[in-house]
Amino acid sequence: MRIVVCIAFIMVVVVGCKAPKAKVTEKEKMLEVLKAVKGNGVLFGHQDTYAYGYYWKDVEGNSDVKRVAGDYPAVFGWELGGIEKGVEANLDTITFDNIRKYAVKAYGQGGINTFSWHPFSVIDRVDSWNTDKRVVDKIIPGGEFHEAFKEDLDALADFLNSVIATNGVKVPFIFRPWHEMDGTWFWWGSTCCTPEEFKELFRFTVEYLRNEKGLDQMLVAYSPDRNFYTREEYLTWYPGDEYVDVIGMDNYYDLYTEGLLDEAVKKLHIVIEYANEKGKVSALTESGYENIPDPTWYTSKLGRVLSDSIVAANISYALVWRNDPLKHFFFPYPEHASAKYAKEFLSRKDVWLLNDLVQFKNSSH
Ligand code: BMA
């Protein structure tokens with residue numbers, strides 16, 4: 001009997017050893033990279049960087065970050081608002097075909113893609129900034145427009161599943177839905193729904209995309225704006241650990257308003273502490289100073305925040321918003337007075353552009 005047990009044990013060990021290892025997915029690899037950069041470099045991100053910049057649009061290989069700093073950002077932000085309407089271009093007039101092309105390119109170059117989504121409400125197709133009506137309670141499960149909302153998610157998922165690299169791999173990405181919910185400017189904001197309704201919207205969105213639409217290449221970011229002072233406040237809208245991979249904060253105001261820089265740092269500490277406790281990634285998911293009226297902003301404000309030792313040792317990326325000459329810009333064009341400060345900031349050893357990220361990946365894998 002003993003011998004039989006012994007043989008059985010040996011077989012289990014041997015067979016166990018030979019069992020094929022589960023393949024590491026692209027999403028898992030991306031998550032590992034986001035974790036591994038912690039304390040080495042903060043990845044710099046820019047919204048719509050290949051799409052347009054100051055007085056150019058869709059010029060192959062162009063990016064205002066590249067024009068100023070000599071390299072592309074490491075994180076590439078794209079916007080999907082409008083996909084739910086079945087139109088050709090997003091709300092900022094970039095065609096979805098181009099967005100797909102840019103995201104595939106960014107991935108092929110070794111960068112990380114993140115998608116935001118400012119959808120038009122399924123109820124009457126008013127834009128995300130229209131807060132006249134309550135929308136959230138009507139699109140969550142049990143709501144009158146829930147089935148219609150699912151069709152919006154179908155359109156979103158079809159697009160995201162069509163972002164496929166040349167080697168056939170579905171391009172992994174960070175999805176950042178329903179951000180700045182602690183503000184009052186979106187129909188999913190704090191004046192238009194309760195925290196419980198919000199959480200249900202967030203959970204349903206992630207579950208539906210993951211389970212029904214097979215978006216297994218997706219990481220998810222939680223990004224309140226700056227309206228919190230404690231962990232409890234920060235987590236008011238948090239849907240739960242199983243729905244979120246990137247613990248984030250959007251913050252513009254604290255980073256350009258005199259005297260509030262320390263607030264930005266303190267809030268990032270809350271974000272970081274929670275992320276670390278849960279083994280998740282932390283990030284400054286959106287920032288910038290509209291039209292950069294203070295030319296030194298990149299060194300004296302963003303640079304100072306990223307010089308805080310806890311922030312520098314922990315956050316994985318910081319992304320600045322888009323450069324649309326018709327609306328506003330957040331990264332300098334080469335002739336702008338802030339260009340030399342942005343360049344100086346981006347030449348820091350611990351602030352990484354695309355080549356830094358690629359070198360890091362090559363040296364550590
Ligand atoms: C906002 C502005 C808008 C834009 C939206 C989605 O912050 O830049 O002009 O439509 O983001 O990209």
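Start at 1 and go down the list; that is how both ligands and their atoms are numbered.
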Worksheet item: Strictly under 6.0 Å, is that where the ring centroids of Trp178 and Trp187 end up?
Response: yes

Practice prompt. State yes or no: are the ring centers of Tyr289 and Tyr253 separated by less than 6.0 Å?
Written response: no

Practice prompt. Compute the shortest N/O to N/O distance between Trp129 and ligand 1 and return yes if it is under 3.5 Å, no if not.
Written response: no

Discussion item. Quick test: of every protein heavy atom, which one is nearest to atom 11 (O) of ligand 1, and how far off is it to 0.1 Å?
Written reply: Trp321 NE1, 3.3 Å

Worksheet item: With a cut-off of 4.0 Å, which atoms of ligand 1 are near a heavy atom of Asp92?
Response: 4 (C), 6 (C), 10 (O), 12 (O)

Worksheet, complete the sentence: Filtering His328, Lys327, Glu79 for the heavy atom nearest atom 8 (O) of ligand 1 leaves His328

Discussion item. Below the 3.5 angstrom mark, is there an N/O of His118, backbone or side chain, next to an N/O of ligand 1?
Written reply: no

Worksheet item: How far is atom 3 (C) of ligand 1 from its nearest protein heavy atom, and which residue and atom is that?
Response: Arg322 NH2, 3.8 Å

Worksheet item: Below 6.0 angstrom between ring centroids: does that apply to Phe330 and His46?
Response: no

Practice prompt. Verify side-chain contact (heavy atoms from CB on, under 4.5 Å) between Tyr243 and Val220, making sure each step is shown before the conclusion.
Written response: CA-CA 7 Å; Tyr243 302 92; Val220 177; 5.8 Å; no

Fill in: Full working for side-chain hydrogen bond (donor to acceptor under 3.5 Å, both in side chains) between Asn113 and Trp78
CA-CA 8 Å; Asn113 287 293; Trp78 310 110; 2.8 Å; yes

